[in-house]
Amino acid sequence: QVQLVESGGGLVQPGGSLRLSCAASGGIFSDNAMAWYRQGPGKQRELVAAITSGGNTNYADSVKGRFTISRDNAKNTVYLQMNSLKPEDTAVYYCNRVRNIYFGRPYDTWGQGTQVTVSS
């Protein structure tokens, strides 16, 4: 029943911007905290940004001031606005429900992810 579909990735130059979207279905969205994760080459998946159903947010130190997470409950969609992109932001980006916006603790079902590549 649960489905998560990420989109919006692509190839951008350093300093550029991208807006990622995650469409959720299966009745998991409006009352759940949501988060964006990423997994770069040779790295473990890490929590990037998270948002509660009420709009409280948490960000990894590496993206603070550059990324903004938001959600539109009417559209069952969570967004990640990424500005001032750096090569180290290159990764596959995933969204998921989380039990806690600080600890993460994602649920078991993942989407396909969307590739973000930052390179000149």
Side-chain angles (χ1 to χ4, degrees):
Q1 186 180 64
V2 175
Q3 184 173 267
L4 299 163
V5 181
E6 300 94 340
S7 62
L11 174 63
V12 296
Q13 295 183 338
S17 297
L18 282 173
R19 183 176 176 86
L20 307 184
S21 298
C22 172
S25 63
I28 65 169
F29 191 82
S30 294
D31 57 349
N32 287 120
M34 299 292 294
W36 285 96
Y37 287 77
R38 67 186 181 188
Q39 186 168 23
K43 296 182 171 64
Q44 291 185 306
R45 186 143 46 199
E46 64 174 343
L47 181 67
V48 176
I51 184 168
T52 68
S53 61
N56 294 321
T57 58
N58 180 51
Y59 297 93
D61 288 342
S62 60
V63 307
K64 286 180 180 177
R66 300 189 297 119
F67 290 11
T68 303
I69 188 171
S70 61
R71 64 193 294 163
D72 186 336
N73 289 341
K75 296 181 179 179
N76 292 337
T77 302
V78 61
Y79 304 95
L80 186 67
Q81 179 66 47
M82 306 186 296
N83 299 324
S84 302
L85 283 162
K86 304 174 181 179
E88 52 262 45
D89 296 318
T90 295
V92 179
Y93 284 71
Y94 303 86
C95 68
N96 207 344
R97 296 176 292 164
V98 291
R99 296 173 175 87
N100 185 283
I101 64 169
Y102 302 101
F103 302 142
R105 301 190 65 202
Y107 286 73
D108 292 337
T109 301
W110 296 86
Q112 83 287 352
T114 186
Q115 176 72 49
V116 172
T117 303
V118 185
S119 177
S120 60

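Numbers here simply count residues along the sequence, with the first being 1. Any value given below was found using the heavy atoms of this structure, including those in side chains, with hydrogens, waters and symmetry copies removed.
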Just how far is it from atom OG of Ser119 to atom CG of Leu11, taken to the nearest 0.5 Å? 6.5 Å
Same cluster or not: Val118 versus Met82, using hydrophobic residues (I, L, V, M, F, W, Y) connected whenever any side-chain heavy atoms lie under 4.5 Å apart? yes
Are the side chains of Arg19 and Tyr79 in contact, using a 4.5 Å heavy-atom criterion? yes
Tightest non-hydrogen contact, residues Ala35 and Val98, listed as CB-CG1, 3.5 Å
Supply the atom-to-atom distance Asn56 CG to Ile69 CD1, rounded to the nearest 0.5 angstrom. 12.0 Å
Interatomic spacing from CG in Leu47 to CH2 in Trp36 - rounded to 0.5 Å: 12.5 Å
Which pairs pass salt bridge (Lys or Arg N to Asp or Glu O under 4.0 Å) with one or both residues in residues 48-65, sequence neighbours excluded? Asp61-Lys64
Measure the acute angle between the ring planes of Tyr93 and Phe67, then classify it against the limits of 30° and 60° as parallel, tilted or perpendicular. tilted
Interatomic distance, Thr90 atom OG1 to Gln115 atom CD [nearest 0.5 angstrom]: 7.5 Å
Going by disulfide (SG to SG under 2.5 Å), name the pairs with one or both residues in residues 36-78, residues two or more places apart or in two chains. none
Quick one: are Cys22 and Leu4 in side-chain contact, heavy atoms under 4.5 Å? yes
Partners of Arg66 by salt bridge (charged side-chain N to carboxylate O under 4.0 Å, His left out), sequence neighbours excluded? Asp89
How close do Ser17 and Asn83 get, heavy atom to heavy atom, and via which atoms? OG-OD1, 2.9 Å
Looking at Glu6 and Gln112, would you say the former's side chain and the latter's main chain have a donor-acceptor pair under 3.5 Å? yes
Closest non-hydrogen contact found for Trp110 with Cys95 is CE3-O, 4.0 Å
Closest non-hydrogen atoms of Val92 and Gly113, given as atom of the first, atom of the second and distance, are CG1-CA, 3.9 Å
Is it possible for you to say whether Val48 and Val116 belong to one hydrophobic cluster, with membership spreading through side-chain heavy-atom contacts below 4.5 Å? yes
Measuring from Thr52:OG1 to Asn58:CG, what's the distance to the nearest 0.5 Å? 10.5 Å
Give me the atom names and distance for the closest heavy-atom approach of Tyr37 to Pro106. OH-CD, 3.2 Å
Testing Val63, Leu20, Leu80 for side-chain contact (heavy atoms from CB on, under 4.5 Å) with Arg38, which one passes? Val63
Is there a donor-acceptor pair under 3.5 Å between the side chain of Asn96 and the backbone N or O of Thr109? yes
With side chains defined as the heavy atoms from C-beta onward, is the minimum distance between Val2 and Arg97 less than 4.5 Å? yes
Evaluate the side-chain proximity of Ser21 to Lys75: yes if any heavy-atom separation is below 4.5 Å, no if none is. no
Other residues, nucleotides, ligands: >12 heavy atoms within 6.0 Å of Arg99 CZ: yes
Honestly curious: do Tyr59 and Val78 fall in one hydrophobic cluster under the side-chain, below-4.5 Å linking rule? yes
How many angstroms lie between atom CE of Met34 and atom OH of Tyr107, to the nearest 0.5 angstrom? 11.0 Å
Does Gln44 have more than 12 heavy atoms from other residues, nucleotides or ligands lying within 6.0 Å of its CD? no
